[in-house]
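Reminder, nothing fancy here: chain letters follow the sequence lines and each chain counts from 1.
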There are 2 protein chains.
Amino acid sequence: MTEKIMARSKVDFPPDQSIGYLIRATYRTYIQDLEARLAEHDIPIGMWYFLRALWHQDGVTQRELSERVGSMGPTTAEQLNNIEARGYIVRKRSDTDRRKIHVHLTPKGRKLRDTLLPLAQRNNSDALRGFTAAEIETLRLSLFRIMENFGPRRANIGASRESMQNGKHKPVATRD
Amino acid sequence: MTEKIMARSKVDFPPDQSIGYLIRATYRTYIQDLEARLAEHDIPIGMWYFLRALWHQDGVTQRELSERVGSMGPTTAEQLNNIEARGYIVRKRSDTDRRKIHVHLTPKGRKLRDTLLPLAQRNNSDALRGFTAAEIETLRLSLFRIMENFGPRRANIGASRESMQNGKHKPVATRD
DNA sequence: TCGAATTAGTTCGGAGCCTAACTAATTATG
DNA sequence: CATAATTAGTTAGGCTCCGAACTAATTCGA
């Protein structure tokens, strides 16, 4: 009764018409779903991205991991501490450049891949249930374009340009 | 040199081909951009969503705010504490139901709207630079469909169905 | 070659968000 | 009407993530 609806006053820009709002909401439903799936295997979401990157390529440095996962140094360090404590990885100082630390999966960590990677695939295909291949490609391109619009230098946080397998990716403002 | 590329072995599912990964990456670029814009006005991102919801409709309860923003009770409580401490809102226990607390903007809080809301609009239009209206609509529908796929009961976290102004929204699995 | 700049990683502190467990008020039910 | 179930909000604690400031190693340039 004390509610005042200001909606139509002056500038009306309801939250749910903002693309940022939608992206956030979509992200949250996605992440909560994934979190629940991983919880069944006792894997905190924070570890997930790093394990995933390591299954894809083993032995990379922490710096490279940060880039691939899209996280900052401290986050990477912390998660690697957790993952190491569980015995999924070992860290080896580089011989040629002693600043660098290479991260290697242990057999235990490597074994996880077979049980956990299908989770990501199911999560993925569940998300896209009912989408045609063309719709998926359109969506992917749109997300790429948004990332590039937000900050060209950041557009490769989540995925590298060349990952668009069939180079249909329209190069938007490549910023030489 | 100690790197082993496992990419092509067995199940190859590179991170950047996962839609979840792309959504996460897009969300992160978006949120970091918004965070930076808000920082110039000394508004932490955590407050933003609640202020935004209150500018849209004032005097709602904390419960309603939680629903609109898509956050859980404790998050709402904490952010409202912060916002209240800054003098942007006051909380009033309901007379008719003393469990409820209605949240009201102060003049100070209301005034913020004029300076801050345009930020959201700029953030929005920057994100979508180069998109046609049709492309935007397609993207919005895709995000809605993903949310519904992840969990029908959650699909209204970020935006209510009727917010799709021109009812083109294909009702996917409306759950009776 | 030696000091400055850069690079890799860590430590610290804090923001944001959640779940679990709680209190208080209201509503439903026998 | 009394008790149980539900609803609104809070408190406590944990996970995720980041920026700032730091150490150590390497590279650059005068």
Side-chain angles (χ1 to χ4, degrees), chain A residues 24-25 27-36 38-39 42-52 59-86 89 91-103 154 157-158, chain B residues 24-25 27-36 38-39 42-52 59-86 89 91-103 154 157-158:
Chain A
R24 176 172 180 264
Y27 167 73
R28 306 257 307 252
T29 61
Y30 144 76
I31 204 74
Q32 278 160 19
D33 182 272
L34 182 57
E35 228 163 347
L38 290 172
D42 198 34
I43 300 289
I45 185 78
M47 294 188 183
W48 169 256
Y49 304 106
F50 295 94
L51 286 172
R52 192 132 156 53
V60 297
T61 65
Q62 297 195 189
R63 195 93 185 85
E64 288 169 317
L65 269 178
S66 292
E67 273 157 29
R68 285 165 205 229
V69 169
S71 57
M72 293 295 106
T75 300
T76 301
E78 183 182 2
Q79 289 303 333
L80 291 182
N81 286 344
N82 297 341
I83 297 172
E84 189 174 37
R86 289 209 187 180
I89 57 166
R91 290 198 253 201
K92 282 209 176 70
R93 204 113 218 167
S94 164
D95 287 333
T96 59
D97 183 342
R98 304 190 23 73
R99 289 170 304 181
K100 296 183 180 175
I101 295 182
H102 290 272
V103 181
R154 272 211 192 110
I157 273 184
Chain B
R24 175 173 181 263
Y27 167 72
R28 307 259 305 253
T29 60
Y30 143 76
I31 203 76
Q32 277 160 20
D33 181 272
L34 182 56
E35 228 164 346
L38 290 172
D42 197 34
I43 300 289
I45 185 77
M47 293 188 185
W48 169 256
Y49 304 106
F50 296 94
L51 285 172
R52 193 131 154 54
V60 296
T61 65
Q62 296 194 189
R63 194 93 187 86
E64 288 169 318
L65 270 178
S66 292
E67 273 157 28
R68 284 166 206 229
V69 169
S71 56
M72 292 297 106
T75 301
T76 301
E78 183 182 1
Q79 289 303 333
L80 291 183
N81 286 344
N82 298 340
I83 297 172
E84 189 174 38
R86 289 210 187 181
I89 57 167
R91 290 198 254 200
K92 281 209 177 72
R93 205 112 217 168
S94 166
D95 288 332
T96 59
D97 184 343
R98 302 188 27 72
R99 289 171 304 181
K100 296 183 180 174
I101 295 183
H102 291 272
V103 180
R154 272 209 194 110
I157 274 184

Can you tell me how far [atom2] of [N] sits from [atom1] of [X], to the nearest Å?
{"X": "B:L38", "N": "D:dC18", "atom1": "CG", "atom2": "C1'", "answer": "16 Å"}
{"X": "B:R28", "N": "D:dT16", "atom1": "CZ", "atom2": "C1'", "answer": "9 Å"}
{"X": "A:K100", "N": "C:dG9", "atom1": "NZ", "atom2": "P", "answer": "8 Å"}
{"X": "A:N81", "N": "C:dC12", "atom1": "CG", "atom2": "C1'", "answer": "14 Å"}
{"X": "A:Y49", "N": "D:dT16", "atom1": "OH", "atom2": "P", "answer": "10 Å"}
{"X": "B:L80", "N": "C:dG16", "atom1": "CG", "atom2": "C1'", "answer": "14 Å"}
{"X": "B:M72", "N": "C:dA21", "atom1": "CE", "atom2": "C1'", "answer": "16 Å"}
{"X": "A:W48", "N": "D:dT16", "atom1": "CH2", "atom2": "P", "answer": "14 Å"}

Shortest non-hydrogen contact from A:L80 toward A:I89 | O-CD1, 3.6 Å

Report which part of the nucleic acid [X] touches: base, sugar-phosphate, or nothing (heavy-atom distance under 4.0 Å, all strands).
{"X": "A:T76", "result": "nothing"}
{"X": "A:E78", "result": "base"}
{"X": "A:P74", "result": "base"}

Phosphate-side-chain proximity, [X] and [N], N/O vs OP1/OP2 below 4.0 Å:
{"X": "A:R63", "N": "C:dA8", "value": "yes"}
{"X": "A:T75", "N": "D:dT16", "value": "no"}
{"X": "A:R98", "N": "D:dT23", "value": "no"}
{"X": "A:R91", "N": "C:dT10", "value": "yes"}

Do A:Y49 and A:Q79 have side chains that get closer than 4.5 Å, going by heavy atoms?
-> no

Per B:Q79 side chain, nearest of listed nucleotides D:dT10, C:dA24, C:dG16 = C:dG16

What nucleotide, of D:dT10, C:dG16, C:dC18, holds the atom closest to the side chain of B:P44?
-> C:dG16

Could I get the full list of ring-ring contact (aromatic ring centres under 6.0 Å, His included) partners for A:F50, not counting sequence neighbours?
-> none

Nearest-nucleotide wise, let me know which of B:Q62 and A:Y27 is further upstream toward the 5' end of DNA chain D.
-> B:Q62

Criterion side-chain hydrogen bond (donor to acceptor under 3.5 Å, both in side chains) against B:Q62, the qualifying member of B:R91, B:H102, B:K100 | B:R91

Give a yes or no on this: more than 12 heavy atoms of other residues, nucleotides or ligands lie within 6.0 Å of atom CZ of A:R86.
-> yes

